[in-house]
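Here the structure comes first, spelled out in structure tokens, and everything after it is commentary.
Within every chain, numbering begins at 1; the chains are lettered A, B, ... in the order of the sequence lines, protein sequences first and strands thereafter.
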Amino acid sequence: MPELPEVETVARDLQRWVAGAVIDEVEVRWERTIRHPLPVERFAAEVRGARIAKVGRRAKSVLLRLDDGRLLSIALRMTGALLVAPPAAPDDRYARVVFHLADGRQLRFRDVRKFGRIGLWRRVGQAFSRHGPEPLSGSFTAARLRERLRRRSGRLKSLLLDQSFIAGVGNIYADEALWHARLHPLRRAGTLTLAEVARLHRALRRVLRQGITNRGTTFSDYVSADGEPGANAEQLSVYRRTGQPCLRCRRQIQRMVVGQRATHWCAHCQPLAGAAA
DNA sequence: ACGCCTACCTGCTTGC
DNA sequence: TGCAAGCAGGTAGGCG
């Protein structure tokens, strides 16, 4: 599902396909996709005629920077996809918002489950003031992670999913990072040793980078802007590998529910008591 | 601060 | 075959 690597893949593709394009018209087919409190009519009026200057990503949102400095944020949530359709492409019943580009193409926000949200902002800070640091940025150091962990008492798994703690990590990459770091999902944040924090930091960056390299993880819905699934599912170590052998110790991967989320881990490599060998 | 719950949605899988 | 229940999980908001 779209987490940081999937959204990054979409953003990089769109930078190539639609940077410089002009939005002629906006067609909103599911009104709740447009973030409250902006009325849909005003949203369409505000976006009409704008040129897309640059496409980027913050957290799990694709950002379309308009040439007057305003920002369109598109949160894909569970099933959202941004697809560029050529002029004669057949319609898509799941296209919730269609940006009609001046060159005849359409930038479609496809979203089966309607969880996705599109917002319009004056500045980046407005939209993401409550989000935590970007795990792949240069300023996200092990020391900074340690500082943030030290102040918390919650479980690692829940914390990794908390967007105000770290931006962009979701259920798949959280489980993967904990396996690589050999840390139990229920470990309390404040109890990590220096070496464990270093492992977690390294693991987070490793799994996210690998996800980007493989153009994202696809189980059912995720496709990048070219409509193609990602290749990272085959590279996963624990996520949805319940009962299969751990790639380190060959023991069976376990599954449990933490904070209402399916969680996969190796009971041997990721022990709860004491540091893993 | 944290855990826990519900709501938001639809399609696919499972079980009877 | 039909049909209902269960499941998937990102995020906001509410409660204790």
Side-chain angles (χ1 to χ4, degrees), chain A residues 1-11 28-38 40 57-63 73-82 92-97 108-119 121 126-132 134-135 147-178 185-192 208 211 216-223 229-230 232-233 236 238-243 255-265:
Chain A
M1 323 298 153
E3 304 180 27
L4 187 154
E6 291 74 34
V7 180
E8 181 69 27
T9 300
V10 170
V28 178
R29 300 182 184 173
W30 182 257
E31 300 212 348
R32 298 191 58 172
T33 299
I34 307 305
R35 276 186 67 119
H36 189 73
L38 196 59
V40 168
R57 177 195 61 79
R58 171 75 170 104
K60 298 176 190 170
S61 288
V62 172
L63 303 183
S73 69
I74 300 144
L76 306 178
R77 299 277 179 95
M78 290 296 301
T79 56
L82 278 168
D92 179 349
R93 60 177 292 218
Y94 297 114
R96 307 303 183 190
V97 176
R108 295 172 174 174
F109 179 60
R110 176 181 212 270
D111 187 19
V112 173
R113 288 175 68 182
K114 302 176 177 173
F115 285 169
R117 293 292 179 265
I118 298 179
W121 314 88
Q126 231 184 335
F128 299 95
S129 58
R130 303 218 295 261
H131 278 71
E134 285 290 330
E147 201 49 46
R148 294 179 74 78
L149 285 167
R150 220 166 54 172
R151 289 184 228 137
R152 299 294 211 105
S153 60
R155 294 160 169 168
L156 283 183
K157 173 66 189 273
S158 303
L159 213 50
L160 291 179
L161 296 181
D162 179 349
Q163 298 302 295
S164 68
F165 184 75
I166 301 184
V169 178
N171 210 33
I172 297 171
Y173 296 97
D175 282 4
E176 291 297 303
L178 290 172
L186 298 181
R187 259 310 273 290
R188 296 284 170 181
T191 69
L192 266 62
L208 295 172
T217 302
T218 298
F219 276 106
S220 50
D221 296 288
Y222 167 72
V223 289
N232 199 56
L236 299 181
V238 277
Y239 188 77
R240 292 221 194 161
R241 293 195 63 242
T242 312
R255 181 188 187 276
M256 66 176 162
V257 175
V258 180
Q260 330 285 103
R261 289 291 135 74
T263 298
H264 312 77
W265 90 112

Next on the checklist: Below 30° counts as parallel, above 60° as perpendicular, anything between as tilted: where do the rings of A:Tyr239 and A:Phe219 land?
Outcome noted: tilted

By nearest atom, which of the nucleotides [options] is closest to the [X] side chain?
X        : options               : result
A:Tyr94  : B:dT10, C:dT11, C:dA8 : B:dT10
A:Met78  : B:dC9, B:dG11, C:dG10 : C:dG10
A:Gln260 : C:dG10, B:dC4, B:dC8  : B:dC4
A:Arg113 : C:dG10, B:dG3, C:dA8  : C:dA8
A:Ser153 : B:dA1, B:dG3, C:dG9   : B:dA1

Checklist outcome for this item: Distance col, row A:Leu186:CG vs A:Met256:CE, nearest 0.5 angstrom, shows 4.0 Å

Next on the checklist: Working note: A:Lys114 + A:Thr33, criterion side chain to side chain contact (heavy atoms under 4.5 Å, CB included); need CA distance, chi angles, decisive distance, verdict.
Outcome noted: CA-CA 7 Å; A:Lys114 302 176 177 173; A:Thr33 299; 5.6 Å; no

Hey, does the side chain of [X] come within less than 4.0 Å of [N]'s phosphate (OP1/OP2), counting only N and O?
X        : N      : answer
A:Arg77  : B:dA7  : no
A:Arg255 : C:dA8  : yes
A:Gln163 : C:dG10 : no
A:Arg117 : C:dA12 : no

Distance in angstrom units between [X] [atom1] and [N] [atom2], rounded:
X        : N      : atom1 : atom2 : result
A:Lys114 : B:dG11 : NZ    : C1'   : 13 Å
A:Asp111 : B:dC8  : CG    : C1'   : 11 Å
A:Arg188 : B:dG3  : CZ    : C1'   : 9 Å

Checklist entry - Between A:Leu159 and A:Arg261, which has a closest nucleotide on DNA chain B that is more 5'? => result A:Leu159

Checklist entry - If we take the P atom in both C:dG9 and B:dT14, what is their distance in whole Å? => result 15 Å

Checklist entry - Distance between the P atoms of B:dC9 and C:dC3, in whole angstroms? => result 25 Å

Item to check | Heavy-atom pair of closest approach, residues A:Leu178 and A:Pro185 | outcome: CD1-CA, 3.8 Å

Next on the checklist: Just to verify, what does A:Ser164 make a side-chain contact (heavy atoms from CB on, under 4.5 Å) with, not counting sequence neighbours?
Outcome noted: A:Arg152, A:Asp162

Next on the checklist: Just to be sure I understand the rule, does A:Ala262 reach a base, reach only the sugar-phosphate, or reach nothing, if contact means heavy atoms closer than 4.0 Å?
Outcome noted: sugar-phosphate

Checklist entry - NA contact type, A:Arg35, heavy-atom cut-off 4.0 Å: base, sugar-phosphate, or nothing? => result nothing

Next on the checklist: Defining pairs by Watson-Crick or G-U wobble geometry with both distances under 3.5 Å, how would you list the stems of DNA chain B with at least three pairs each?
Outcome noted: B:2-8 with C:10-16, B:10-16 with C:2-8

Next on the checklist: So, under a plain 3.5 Å distance rule, would you say the side chain of A:Arg151 forms a donor-acceptor pair with the base of B:dA1?
Outcome noted: no

Next on the checklist: Quick test of the criterion, 5.5 Å between centres and less than 30° between planes. Is A:Phe115 stacked on C:dT11 or not?
Outcome noted: no

Item to check | Salt bridge A:Asp92-A:Arg110, side-chain N to carboxylate O under 4.0 Å | outcome: yes

Next on the checklist: Looking only at side-chain N and O atoms, does A:Glu3 offer a donor or acceptor that is under 3.5 Å from a partner on A:Tyr222?
Outcome noted: no

